[in-house]
2 protein chains.
Amino acid sequence: MTQTLAIGPYNSADRAALVDAFDATVLDGPTGLADLDADVRAGITAVAYMGHHAFGAAQMDLLPGLKLVANYGVGYDAIDVAAADARGIKVTNTPDVLNDDVADLAVAMWLMQGRQMRAAEAHVRSGDWAKNGPVPLNRKLSDGTAGIMGMGRIGRDIADRLAAFKMDIHYHARSEKDTPGWTYHADPVELAKAVDFMFVALVGGPATEKYVSADVIAALGPKGVIVNISRGSVIDEEALLDALESGAIAGAGLDVFVGEPQVNPRFLTLENVVLQPHQGSGTVQTRAAMAQLQRDNVAAQLKGAALLTPVN
Amino acid sequence: MTQTLAIGPYNSADRAALVDAFDATVLDGPTGLADLDADVRAGITAVAYMGHHAFGAAQMDLLPGLKLVANYGVGYDAIDVAAADARGIKVTNTPDVLNDDVADLAVAMWLMQGRQMRAAEAHVRSGDWAKNGPVPLNRKLSDGTAGIMGMGRIGRDIADRLAAFKMDIHYHARSEKDTPGWTYHADPVELAKAVDFMFVALVGGPATEKYVSADVIAALGPKGVIVNISRGSVIDEEALLDALESGAIAGAGLDVFVGEPQVNPRFLTLENVVLQPHQGSGTVQTRAAMAQLQRDNVAAQLKGAALLTPVN
């Protein structure tokens, strides 16, 4: 009987790879767990997890032999790590392999918002350019001030890109980092006051809920733009919507939302935002690398080797 | 009587600045030249030029005292420099001040095309994300191979940005340049063979017409994407359209078109292209800097000082 249970909306290639490698039993989501035979559940030592549904004490207790939850994705806020710790269960994630894609999308949303490229593209495609002349002038982006909220590996990859756009880089993190002379702010509000463009690259989860608060948003000011590629939960989304609607800030580029894939309908009528469907890591190459790293963690656990990317 | 004639579709601020500084006479375009009084024409020593209408021997001969054509823009292909030389007329342009904006837009079109951000945004705004799930996976951009066609100042600014995306940089120019180890190709077809993403940053004009030829486009291949921020004329646009329609290349990001603002309607139905209305330098800050540099050249001419940015 298999020791591996794959849970989540895997694509057919990744699902097949999990079955090939581990003879995995596959569930579309954690709600199917209780319906598995108790014999099957008792034999499971590793879960290959994918998705944003909560996986906590209740799910873990249905798998009494569980030793590993191998998450697909760098953000593992769906998994209750404290509950895992209490049961001697290890958790792994898939860091680093997705940094480039996520940083690319962050910079892309910044550029697309600042240069109003969606409206400009519609201007060409509708024939308005020929009929009515040029689009309004936009704002210059290069040579401005950018703030990174959360200087982890992805934050650093965003900052390295922005530095090539001649941006003056500021950041906030729990502690000062080794950087090429970038400006550290211990207080997130002070970061917001110092910059026009704020890139949010925080870890998700309860500790960072609404970390980008109404006060941070207000401090950014009317020239401010927020780019978020981390989790919807890290921003006070109601305060963000109020600020976007009133002009208290200039705009936003958002790949993540509270309650996604449902998106607050107030976003949908705004012209000063770029809205993307959580596609930060969504490339063929990177998703394959994430799936491989997840399987490598499962394989390490099954043969008693050291986990590659443990988080607890 | 004024010595300065401003020709082109200036915005109200730039027009007012030209009148304030030089008591300039203003025409919307060169066709109005012949209707000016001969006395006025005879007094003109400097033209502040803006736009893409041709300004050549016929226009120059209507201004017998002309000493300077100060172009607004880095590309001066509308101005017949040989005709100017023959008449002892100097030409200036507005280089450098727009490099950042144009390079920003080049990188932006690359990212927006590769990550299919227009379709992804429509997926969010239509509600399809919640109803039908994620968008298809796209291609990874960072860590790929990029080719710069024309390594002038703007090409270099594009390459410097792409280097921060961990791209392997290749380039073609008339001669090898001092670069951080980038790969020079003397032959444009060889450049196209070596890379997936080609950024066209050539100077416009007759010498570069269709320089990105059908052969260059074919050599780029089915994973190839062309980004053009220079002039529509530098690409064989019919060959490009054929390649985009057939899948001979993967896509394009275009800010410039043959015959713009009219755009070949074959572009308008393509989903694998990003289309922008020649907004490369179109920011408030940069257009103001371009207008200032143009006026500084006119002022230098009028007081007999050295021109700031002569091209002949």
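Lettering of chains follows the sequences in order, A, B, ..., and the numbering in each one begins at 1.
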Please round to the nearest 0.5 Å and tell me the distance separating atom [atom1] of [X] and atom [atom2] of [Y].
X	Y	atom1	atom2	value
His278(A)	Trp129(B)	NE2	CH2	7.5 Å
Met109(A)	Met112(B)	CE	CE	13.0 Å
Trp110(A)	Asp104(B)	CH2	CG	5.5 Å

Can you say whether [X] sits under 4.5 Å from chain A via the side chain, the backbone, both, or neither, judging by heavy atoms?
X	value
Ser126(B)	neither
Pro277(B)	both
Val124(B)	both

Could you tell me which of [options] has the largest number of non-hydrogen atom pairs under 4.5 Å with chain B?
options	answer
Asp143(A), Asp128(A), Val274(A)	Val274(A)
Leu141(A), Val135(A), Leu275(A), Thr269(A)	Leu275(A)
Lys131(A), Arg139(A), Gln262(A), Gln116(A)	Arg139(A)

Measure [X] against the heavy atoms of chain B and call it side chain, backbone, both or neither at under 4.5 Å.
X	result
Phe267(A)	backbone
Arg115(A)	both
Asp160(A)	backbone
Leu270(A)	backbone
Leu105(A)	both

Between the side chain of Gln276(A) and the main-chain N/O of Met117(B), is any donor-acceptor distance below 3.5 Å?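 Answer holds: yes.
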
Can you tell me which of [options] forms the most heavy-atom pairs within a distance under 4.5 Å of chain A?
options	result
Glu260(B), His123(B), Gln279(B)	Gln279(B)
Leu162(B), Asp100(B), Asn11(B), Leu268(B)	Asp100(B)
Ala122(B), Ala163(B), Pro134(B), Gly280(B)	Gly280(B)

Establish, from distance only, whether the side-chain atoms of Ser142(A) and Arg161(B) form a donor-acceptor pair under 3.5 Å.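 Yes.
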
Verify the distance criterion only: is there a donor paired with an acceptor across the side chains of Thr283(A) and Asn138(B) at less than 3.5 Å?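 No pair is found: no donor N or O on one side chain lies under 3.5 Å from an acceptor on the other.
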
Not counting sequence neighbours, list each pair that qualifies as a salt bridge (charged side-chain N to carboxylate O under 4.0 Å, His left out) and has a residue in residues 266-280 of chain B.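 The answer is Arg118(B)-Glu271(B), Glu238(B)-Arg266(B), Asp242(B)-Arg266(B), Glu245(B)-Arg266(B).
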
With sequence neighbours excluded, residues passing side chain to side chain contact (heavy atoms under 4.5 Å, CB included) with Met151(B):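 Per chain and number, Met151(B) pairs via side chain to side chain contact (heavy atoms under 4.5 Å, CB included) with Ile148(B), Arg156(B), Ala159(B), Tyr171(B), Ala173(B), Lys177(B), Trp182(B).
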
Lys/Arg-Asp/Glu bridge criterion (N-O < 4.0 Å) met for Lys166(A), Asp157(B):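 Yes, this pair counts.
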
Electrostatic pair Asp101(A)-Lys140(B), nearest N-O below 4.0 angstrom: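 Looking at Lys140(B) together with Asp101(A), the answer is no, because their closest N to O distance does not fall below 4.0 Å.
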
Side chain proximity check, Val284(B) to Leu137(A), heavy atoms < 4.5 angstrom: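 Heavy-atom side-chain distance check passes, below 4.5 Å.
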
Do Val107(A) and Phe165(B) have side chains that get closer than 4.5 Å, going by heavy atoms?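 The answer is yes, as the side chains (C-beta and beyond) meet within the 4.5 Å cut-off.
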
